[in-house]
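See below for the structure under consideration.
The structure displayed is predicted, hence computed values, not measured ones. In what follows, chains are A, B, ... by sequence order, proteins preceding strands, each numbered from 1.
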There are 2 protein chains.
Amino acid sequence: MSELRQDPITKRWVVIANARNNRPVHLKKNAEENKPGVNPFAPGNESLTPPEVFAFRKEGTTSDTLGWWVRVIPNKFAAVSLDVTCDEDLSGFHKKKPAVGSHEVIVETPDEHADIALLPHDHMTDIWRAYRERMQTLFQNPVTEYVQIFRNQGYGGGASLPHPHSQLISLPLVPKNIEEEVYHCGQYAEINGRCLFCDLIVEEQRTKTRIVAENEDFIAFCAYAPRFPFETWIAPKNHAADFSNATENMLTNIAALYQEVLQRLAQVLGKLDYNMVLHTAPRNLKSPLAYHWHVEILPRHVQRAGFEFGSGCYLVTTSPEQAAGWMRESNNPEPA
Amino acid sequence: MSELRQDPITKRWVVIANARNNRPVHLKKNAEENKPGVNPFAPGNESLTPPEVFAFRKEGTTSDTLGWWVRVIPNKFAAVSLDVTCDEDLSGFHKKKPAVGSHEVIVETPDEHADIALLPHDHMTDIWRAYRERMQTLFQNPVTEYVQIFRNQGYGGGASLPHPHSQLISLPLVPKNIEEEVYHCGQYAEINGRCLFCDLIVEEQRTKTRIVAENEDFIAFCAYAPRFPFETWIAPKNHAADFSNATENMLTNIAALYQEVLQRLAQVLGKLDYNMVLHTAPRNLKSPLAYHWHVEILPRHVQRAGFEFGSGCYLVTTSPEQAAGWMRESNNPEPA
């Protein structure tokens, strides 16, 4: 069973995916408690995973063998699938539909101990090229309404395997957070004739207090009203709704600024559990100004608890100005 | 500084409260790692907390001395305060206002090792009486638009002290989750002339598969489209928007069903980290049918990660029907 269900009170769609009960949890309370086990993402273990759908690999090497440095595979414990696994029911009190989509793992490096903040810059750019390639491919399927790319680092970030990897899930509907952001950006564009995110960047550049770092194409800043202390957003400086249209030059520059932000966070907070999420335009954006793609980095060193899950109001005990100040002052080591 | 800030993209209000940086964290990764320290909630340590605002205590004993069995005190590390701590700015690009409100701790028992699921039923009823009393009192302040009552159990639930306690935060605005629920309930009432929650209860009673337990006044069921595996809601069977109007009889019955649900969850899942949140009508509900108060119990044995925080779509790997079945079959010990 893998179905999308809508909560009648909040209208939120969730995925109920029983099969994932069986997924391995190699990270328990912390990395030190790991039971030694077979690492399905390690080079040499390619046969333990479903066949790869994309890879950067040495010329002349063949799929599902050694020679890759970034490898994309279907998730063995997929939350969604391209098979129809339940009937659609949108007319009853409770509404559901099949969770039709793809769930993939981007294995980011053959080195299970690598710190991705310190990967060579070209390597990190290839990870972003893989994101773009998979997003482009998945949007070619007309059932895809959205593709959520995300990364869980460490137990606190919800990772179940320590080997560096990110994931993507494509969905046949636009999930709640994206729908909300698109709604408010669309409303703003209609009233002001400008992109809300572009105006936010202008405001951040004017006040400067929350800016962490910049390069030619991107700006990184601590969110004004974050859900997590040290929550940092990275956005293209020039208007761009859809990540899958990012140029080669932009991929090079997002890779660099992403690594710089991760390094600065680690300098301030130490070894860091976090989530990275990529927000991009859904299919059929009403106006090209109604969205602006960006990356959110959500440090997970502080628990979100009853107040946050109950009210939807978040309690944050480090001001974004203080966080950004510490991150600016931190020593930024050069990537290898 | 304690201010409410609005995120420009999602319109979510959050609390930025720098002072809480200094709060104690006695629970680290798990209870076993606790450093021995002074427990400010222990009987005999009443002078270590701000003066109590309410208590159930033995006749003849005086405030802030021994003799209490439920004690409500202002939170020493308050997220909000009745002092105005920043200027309001609702006209600029970024919007903020003072986080004016009360943040209180309900110390649930003098016994720091008590399992609240097993407290005598009368004692648990007094805890619910304390919730009602404080909510009534805080709504008398015209600045209060909402009162969020919540409980964090264990490290996974975000508790920072192991002594059994719950908390409340009153806010000068209606937080996002409540606003959303009230919006959808209001819309439904307008179209159908009935309460959405009342109809949900009828549907759950018809299908029965998600019901966990019932008594005279309340029904407990696993949510159809939950955010957490085993997420269980408890709601009055007869329409009631506002918890602060709950009768003595209702308090007796919510106390009993709450304990039963916690016991059944512990039977199935073992020692349990969870959040309890109480959702009630905000001030100025447009129609008496536009809300229905209820309790949500959110087990926290599974991490919420990048997919959930990124998309707002939740991935749940135990179906509510399976969870409710296990909870129904569990052995329900009688309260002491």
In terms of heavy-atom proximity below 4.5 Å to chain A, should B:E308 be classed as side chain, backbone, both, or neither? backbone
Is there side-chain contact between A:R304 and B:R304, with at least one heavy-atom pair below 4.5 Å? no
So, B:E321 and A:R5, do they make that salt bridge, N to O below 4.0 Å? yes
Atom of A:G158, atom of B:A305 and distance for their closest heavy-atom approach: CA-CB, 3.9 Å
Exercise: identify the closest heavy-atom pair between B:P226 and A:I16: CD-CD1, 3.9 Å
Counting heavy-atom pairs under 4.5 Å to chain B, which of A:R12, A:E203, A:H94 comes out on top? A:H94
Mutual orientation of the aromatic rings belonging to B:F307 and A:F150 [parallel < 30°, tilted 30-60°, perpendicular > 60°]: tilted
More than 12 heavy atoms of other residues, nucleotides or ligands under 6.0 Å from NZ of A:K95: is that the case? yes
Those residues of residues 178-187 of chain A that come under 4.5 Å of chain B on a heavy-atom basis, listed by number, are A:I178, A:E180, A:E181, A:H184, A:C185
Work out which heavy atom in B:L315 is nearest to a heavy atom in A:A79; give both atom names and the distance. CD1-CB, 3.3 Å
Taking only residues two or more places apart in sequence, or in another chain, which ones meet A:D199 in a salt bridge (Lys or Arg N to Asp or Glu O under 4.0 Å)? A:R194
Region of B:V14 that comes under 4.5 Å of a non-hydrogen atom in chain A: both
Would you mind checking which part of A:L171 comes under 4.5 Å of any heavy atom in chain B, side chain (CB onward), backbone (N, CA, C, O), both or neither? side chain
Taking the side chain as every heavy atom from C-beta outward, state whether A:F309 and B:F228 have any pair of such atoms under 4.5 Å apart. yes
Could you tell me which residues satisfy side-chain contact (heavy atoms from CB on, under 4.5 Å) with B:C195, sequence neighbours excluded, listed by chain and number? B:F197, B:C198, B:H239, B:L289, B:H292
Could you tell me which of B:R151, B:Q153, B:R227 has the largest number of non-hydrogen atom pairs under 4.5 Å with chain A? B:R227
Tell me, side chain or backbone of B:P229 under 4.5 Å from chain A's heavy atoms, or both, or neither? neither
Return the option, out of A:I9, A:I169, A:N275, A:V202, with the maximum number of heavy-atom pairs under 4.5 Å with chain B. A:I9
Does any heavy atom of chain A fall under 4.5 Å from the side chain of B:K96, the backbone, both, or neither of them? both
Is A:V15 close to chain B through its backbone or its side chain, or both, or neither, when contacts mean heavy atoms under 4.5 Å? both
Between B:C313 and A:P175, the two heavy atoms sitting closest are CB-CB, 4.0 Å
Can you sort out the partners of A:E204 under salt bridge (Lys or Arg N to Asp or Glu O under 4.0 Å), two or more places apart, ordered by chain and number? A:R210
Can you tell which part of A:L200 gets under 4.5 Å to a heavy atom of chain B, answering side chain, backbone, both or neither? both
Is the shortest heavy-atom distance from the side chain of B:S311 to the side chain of A:N177 under 4.5 Å? no
Of the backbone (N, CA, C, O) and the side chain (C-beta and beyond), which part of B:Y274 lies under 4.5 Å from a heavy atom of chain A, both, or neither? neither
Hey, which of B:R300, B:M276, B:E296, B:H279 has the most heavy atom pairs under 4.5 Å with chain A? B:R300
